[in-house]
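Inspection log for the structure reproduced underneath, given as structure tokens.
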Amino acid sequence: MFAAIAVALAAGLLSWAYQTIKPPPPKICGSPGGPPITSPRVKLSDGRHLAYREMGVPKEEAKHKIIVIHGFDSSKDLSLPVSQETIEELSIYFLFFDRAGYGESDPYPSRSVKSEAYDIQELADQLQIGSKFYVIGLSMGAYPVYGCLKYIPHRLSGASLVVPFVHYWWPSLPANISREGFQTLCTADQRTFQVAHHTPWLFYWWMTQKWFPSLSIMAGNMNLFSPPDMEIIKKLSETPNVGQEKVRQQGVHESLHRDILAGYAKWEFDIMDISNPFPNNEGSVHLWQGYEDRIIPFQINRYIAEKLPWIHYHEVPDAGHLMLFKTELCEAIFRALLLG
């Protein structure tokens with residue numbers, strides 16, 4: 001009798017444990033009970049769909065074609081403060097898209113740095129924007145840019161990494177540099193990134209458990225933002241945030257959690273293995289870092305730029321994580337990318 005009770009308890013415990021670590025199924029756009037499809041989408045070769053938004057000069061007439069890669073908890077509907085005069089002067093066509101699992105793009109459980117790069121290439125081909133294009137990645141949207149630099153450098157006219165994601169376990173990153181940057185994070189964020197990297201199968205449980213704090217930005221911790229960021233947040237709050245309600249609509253795990261897992265997974269390459277995609281100066285790669293950024297530590301990006309001198313490093317003294325949403329900085333970032 002006691003053995004039977006023990007077996008039943010063990011089975012119940014295992015069943016409970018399995019349910020706590022298993023994420024719920026996604027609510028796929030266009031499926032029965034799922035969110036509606038309201039944006040144009042392309043169908044990729046593996047059957048998935050990517051939603052996109054076009055802006056600026058018509059692609060047939062544009063001199064510069066830029067694919068904008070949104071960051072964490074964002075989407076193709078992000079609004080950049082680039083004036084119409086600048087868009088017309090520089091003849092820019094913008095292509096925004098929802099990364100896998102975000103907004104109206106289908107989830108992809110196997111998403112990775114590599115898959116994101118090839119999604120970008122296939123999106124460009126489906127929309128026939130040309131053999132070459134620029135990419136600009138914001139924050140978490142920077143790891144797909146590193147993927148593009150590694151896997152599809154021949155397709156790039158230029159690249160810009162703005163307050164870019166850093167991986168604290170890149171093999172070539174010296175322990176003291178990694179530790180210095182990592183220790184600037186709050187304890188909750190340190191633990192979250194450690195779980196994502198070392199025990200990804202536990203990540204859903206970690207992000208949903210109530211015993212310990214997990215990711216501070218999802219908890220609404222405003223201490224993450226520096227005074228320059230708070231000024232921008234105040235200004236952004238004065239206008240409606242279009243499309244924000246769609247960002248997580250297919251599931252928090254499919255959008256936000258998988259984004260973190262893909263970024264902090266073990267990459268197929270080391271960042272120092274990336275070669276200069278423009279050895280003849282036919283294009284350029286830029287990295288923009290705010291010295292006042294409390295989310296991305298400047299120490300690591302500064303080190304990367306020192307070791308990869310073909311990256312043009314711009315460290316802005318009085319800027320934080322949201323620098324791209326400041327008009328004069330946003331325009332400076334695009335002018336540097338397109339004009340050198």
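By the 4.5 Å heavy-atom criterion applied to side chains, F225 and N223 are not counted as neighbours.
Here the SG-CG distance, from C186 to L224, works out to 6.0 Å after rounding to the nearest 0.5 Å.
Nearest approach of K132 to H154, heavy atoms of both residues: NZ-O, 2.8 Å.
Remark: side-chain polar atoms of N280 are not paired, donor with acceptor, to backbone N or O of E282 under 3.5 angstrom. Listed for the Q209 side chain is a donor-acceptor partner under 3.5 Å among the backbone atoms of F212. Remark: side-chain polar atoms of S139 are not paired, donor with acceptor, to backbone N or O of G141 under 3.5 angstrom. In this structure, the side chain of Q289 does not engage the main chain of R302 through any donor-acceptor pair within 3.5 Å. Of the possible polar contacts, one joining the H167 side chain to the A265 backbone as a donor-acceptor pair under 3.5 Å is found.
A salt bridge is defined here as a Lys NZ or Arg NE, NH1 or NH2 lying under 4.0 Å from an Asp or Glu carboxylate O, and D125 with R155 meets this definition.
Using modelled atom types, one finds a donor on one side chain and an acceptor on the other under 3.5 Å when comparing S83 with E331.
The side chain to side chain contact (heavy atoms under 4.5 Å, CB included) test with I69 is passed by exactly one of L138, I120, L95: I120.
Checked against a 6.0 Å centroid threshold, the rings of F165 and Y264 count as neighbours. Ring centroid separation for the pair W170 and Y303 does not come in under the 6.0 Å cut-off.
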